[in-house]
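Every heavy atom of this structure was used, including side-chain atoms; hydrogens, water molecules and symmetry mates were not. Chain A is the first sequence line, chain B the second, and so forth, proteins listed ahead of strands; every chain is numbered from 1.
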Amino acid sequence: MGLPTAPGAGVRPRIALAACLLLAAPAAALGQSTHLIVVSGLSGEPRYAAAFHEWATMLIEAAQARWGLPSANIVYLAEKVERDPARISGRATREAVESSFKTVAAKSAADDAVFIVLIGHGASRDGIASFNLPGPDLSAEDFARSLEAFATQRLVFVNTASASGEFIKALSGPNRTIITATKSGFERNETLFANYFVEAFAADGADVDKDQRVSALEAFNYARREVARVYETDGRLLTEHALLDDNGDGEGSLEPDATSADGALARRTFLAAPAGELIEAIAADPELAALYAEKSKLEERVITLRQMKDGMDPEVYERELEALLVELALKTRAIREREGSGR
Amino acid sequence: MRSRRGVTVGVVVAILLAAANSWGQSRLAGAYDALRSGRYDEAIRAFRAQTQGGAGAESIQAVRGLVRALSEVGRYGEAEEAARERIRSDSSELSNTLGEVLVFRGRREEAARLFERAIAGGASDSLVARLNLAVLRFGSGAVSEALAEFDRFIDVYNRNRERLSAQELTAVGTAVRYLGVENPQLFKDALRAYDAAIAADPSDLRPRVLLGELFLEKYNSADAVSAFSDVLAINPDHPGALLGQARRARFDGQPEALSLATRALEINPSLVQARVFLAELRLELEDYPEAAAEAGRALEINPSSLEALSVLAAAHRLQGDQRGFEEARREVFAINPRYADFYTRLSDLSARTRLYAEAADHARRAVELDPRSWRGYALLGINELRLGAIEEGRNHLEQAFEGDPYDVWTKNTLDLLDTFDEYDEVKTERFVLFVDRKESDLISLYMGGLAEEAYDRLAQLYDYEPSAPIRVEVYRSHADFSVRTFGLVGVGALGVSFGPVVAMDAPSARGPGEFNWGSTLWHEIAHSFHLGLTQGRVPRWFSEGLAVFEERRARPGWGDDVTPGFLTAYLQGRLLPVANLNDGFARPSYPEQLGYSYYEASLVCEFIERKAGGVALAEMLRGYRAGLSTDAVFRRVLKTDVEAFGNEFFDYLETRFRAPLAAMRPDRQLEHGQRPSRAQLEGWAKEGDDFYAVLMLARALLEEGELEAAVTHLERAKSLFPEYAGPASPYELLAHAHQRMGAPERAAAELEALTAINERNYAANLELAELRESQGDVARAAAALDRAVYIYPYDMALHERLADLYSRLGDEAAEIRERRAVLALDPVDRPEALYELVRAYYQSGDWVAARRTVLQALEEAPGFERAQDLLLEIRERGR
């Protein structure tokens, strides 16, 4: 007896599967672009400088190579440009950061997604939380003012620094996902969050719903759990508790998911280029479009059924689940055949 | 004039009298100072001189001092004589003093009459006499009457607090301490009264000793040691403080308990409590005849000592002498029909000798006899827990805690029990695995199978099956394991077997490489067999040795290994003869002796197996079950006495380790922290028979990059001591050298040899697996990773690698186990892990599990295309 499918074999281009969610998303989202601004702050020590740069470049490379972001959509500001002039757009000074925000805001469309990722050290003194930069730092309030430039874009702001928790209150708002590595300004130890947040996009393992993309929510959960695992393995007490806020209430969640207070927006926000070819294919083939729509509905029905699980007889639940999943699998097969890439 | 002269004379006389009085007081103070400092002979001489001065207050004080000094060094006869000589029929002043001496000698009724006389006569120490009388009554079973008397001390204290002397405050403290049995809050008042006594007379050492005893009674070793140390700083020969420190050392598991008690007896050979304590230590060492003899010596001094009679009863009982036991018991209850401590002492001593069921029975009788025996409830609860009766144990501990909330053991254990709802119970055929929910899925994957394998193997070896299920409790926190085992944190062991219950550290309780949890489990299950088969009568040395030997029989590399330290200890004559091996477990005399005793005992078992076959080991267990002593067991099974066997064993040891013994050079041991010079090393290594020198020179060469020369010396070191695979062993260093020299095959061979001896080297197994995989040797790579799992099972990547290796080997069951292990480690990408498990089930033809699992994967990620494909195929194949 042999297995017909080896791991990874027969997987169609990730972009095709992504269409399921694209169909379910608002029409405006289909053509959206994604922008990435990475700010690597003041390092203090050579080992931090090396680590910050490594994580920043890993993220940028993943955004380009794995997730199709054009280099024109990426800005990388770092402590020293000379470390990697080919990649680093400029020195990460207060002025440069604010200026980059304005530039990206100006060139992005109203419904584009903008990821801003801060990698470095943070501080919180006298109630003022800030991110350390060469020269004057930027406080959470400074960032709040700068982010006003992104009035309509879907924003993901990630502060991976220590003592970053206070950023949530300052930056929370509609259409924004704010992620911090710590839950307050009192968690001042060096954080591990950046490493694993970047890894979520750069390596396998974060795409938990298997839609061939990594959402902001998936990346957050991946980083949160891997950080906890490292602390547990090392026998240390967890000194960084990451938060995510995406409902605009200024209160971060430690364990967000799509059905709780926070997580719904982050689940639908991806560090990925739009699926242009697929959109065109769907537009040209109404039957294919119908199949995708039916598939999408089936997935929603699975999610709905799952939410009812606790109140159902286990046998009935399993029977209904299996029926739905089989139907869904057959639908996927039909889509593949229609696209001419069936196995 | 006359009158004037008279006045003048009167003044002179008064001045002279005052001077004489002052001089006398000064001499008395000097005598007391000598007594306090432990200059007993000097004190006795000084007091005697003072007693000649008539019947004044100073003279009475001097007699009291003399009696106390004589009593403190155990010269009770002389003390009695001194008191009797000075006691007057028209005064009650020395009645209490004489009564106290008589109590030491067990003449309770006479003593009671003297205390009554002191009270009736309003002697200056009548309050102390009241306490002494109440204590006597309490000890005779007139508990209510005694407690009523103790209760009056509270009023005395409240009314006269400011006027009470140190001695009276001490009496108040002791009275209140007795009352603690009814109201545990009063223990605090006892402490307060003792503190007040110390403040009233800082030179009086007695309240300090009592304070230390009270702390120790409440399991507070730290404060107890401070109290006893305070006394010994003033009087290093204070027998009571020495005994207190001995008890404290026993409580803390420190070896000096015996020497401290012996020292106390050197000062006061008639200190009954010290003799009782020594008898208990002998019982713990399983030297029952000597324990009985020691208890006998205590009874010669005080024939009505309830403590001594109780220990004597225990010694008889543990020797199987039921008649002797009954006789001692009758004597105890003739003195005090309500003496529940008889049973609590028996319970405690039974538990210390691993007779947990008996311990529970005795504790049950204690609480039947005295429903306020909180110690009885605590012992009952603790031992029920050890036998697996969790709910009963909890209930009895709750009762104990209600009566005595200061019992730290009970409190800690109840706190631990409160966490039990965070554990899962996983049942296998003959085991219940009790594991923290956070890791029960992972641990039970391996532990269940291993436990069952151990059961089958040991049942076959011993032709015996203990009652099932055996409960295996696995603690993520070493502190929790420690509390479960001994009620307190700080126990150094990895596991313990109570017979029906095994408790052990989870692998997560320690860092990777600190221990092999698989061999630890095997070891403890072996103990469960030994305890069950012998009904708890197996001596500790034999059970420990056999359990280590069973580890070695279970898997290559498992179990303790020989070390240079062990061999050096042998050469230095620091290993114990077989006949005394138990001492190495119960009272190790140097820090490494416990570890050496484990290994030595395992070698004894190995030697027995080689000499008389494996069946002899099982026969020896049966001999112990029959109640035979170690010597009798050796005679019956091995046809030799234990002394002769011990000599033969050392011959065996010398033969078995001839080469490495010759390569140990204890004569070249340097002071701690000193390192030999390079020239010294080269000189010694040149001679070729110094393992350390050759190894250290090889290390130096390795660090200098002189790889070929290093390899030559490492090979030499290996040939000198091929069984050494500990830290920085020749195998480990050779593997590194060969890696650096580009010879991975040779490096792998060295690591293979290392891991076949050393059960804990996690890194070596990982490195070996990588080498073997790169060499295409999938089976050996998998074997290395499999060994690593029993050292540290929490590395998800390891399980993923191992699953892939088993997949390549076509070992479907093992692959499924590893895929399940990955899932148990809660991967972020759970659908992917589930998918891999589905594939493994699918491969093995288990359609049902495959279907169930693929539904789980898709439930979490409905759009997971590879899983969708598998779902359709499983349905098609499974039809």
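Here the side chains of Val208(A) and Phe864(B) are not in contact, with every heavy-atom distance at 4.5 Å or above. Using a 4.5 Å heavy-atom cutoff, the side chains of Asn221(A) and Val828(B) are not in contact. Contact annotation: the side chain of Asp207(A) never approaches that of Asp829(B) to less than 4.5 Å [non-hydrogen atoms, C-beta and beyond]. With contacts defined as side-chain heavy-atom distances shorter than 4.5 Å, the pair Lys309(A)/Glu859(B) qualifies.
Interface residue Arg476(B): only side-chain heavy atoms are found under 4.5 Å from chain A. Only the side chain of Val302(A) comes within less than 4.5 Å of a heavy atom in chain B; its backbone stays farther off. For chain B, the nearby part of Tyr317(A) is the side chain; its heavy atoms alone come within less than 4.5 Å. Interface remark: Leu330(A) contributes backbone and side-chain atoms alike to the contact with chain B (heavy atom separation under 4.5 Å). Both the backbone and the side chain of Leu858(B) come within less than 4.5 Å of a heavy atom of chain A.
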Which is it for Glu318(A) and Arg852(B) under the salt bridge (charged side-chain N to carboxylate O under 4.0 Å, His left out) test, yes or no, and what are the steps along the way? CA-CA 9 Å; Glu318(A) 190 176 302; Arg852(B) 190 183 61 236; over 6 Å; no

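In this structure, Arg801(B) places its CZ atom where more than 12 heavy-atom neighbours from other residues, nucleotides or ligands lie under 6.0 Å away. Counting non-hydrogen atoms of neighbouring residues, nucleotides and ligands closer than 6.0 angstrom, the CD atom of Glu422(B) exceeds 12 such neighbours.
The existence of a salt bridge linking Lys210(A) and Glu860(B) is excluded, since no basic side-chain nitrogen approaches an acidic carboxylate oxygen closer than 4.0 Å. For the pair Arg336(A) and Glu865(B), the salt-bridge criterion is met [side-chain N within less than 4.0 Å of a carboxylate O]. Ion pair Arg229(A)/Asp826(B) not flagged as a salt bridge, since none of the NZ, NE, NH1 or NH2 atoms sits closer than 4.0 Å to an Asp/Glu carboxylate oxygen. Comment: Glu232(A) does not engage Lys438(B) in a salt bridge, judged by the lack of any side-chain N to carboxylate O separation of less than 4.0 angstrom.
Summarising the geometry of Pro862(B) relative to Arg306(A), their closest heavy-atom pair is CD-NH1, 4.2 Å, with the distance given to 0.1 Å. Minimum interatomic distance between Glu299(A) and Gly863(B) (heavy atoms only, all atoms of both residues): OE2-CA, 3.3 Å.
With rounding to the nearest 0.5 angstrom, the OG1 atom of Thr332(A) is 13.5 Å from the CZ atom of Arg866(B). Here the CG atom belonging to Leu871(B) is positioned 9.5 Å from the CG atom belonging to Leu328(A), to the nearest 0.5 angstrom.
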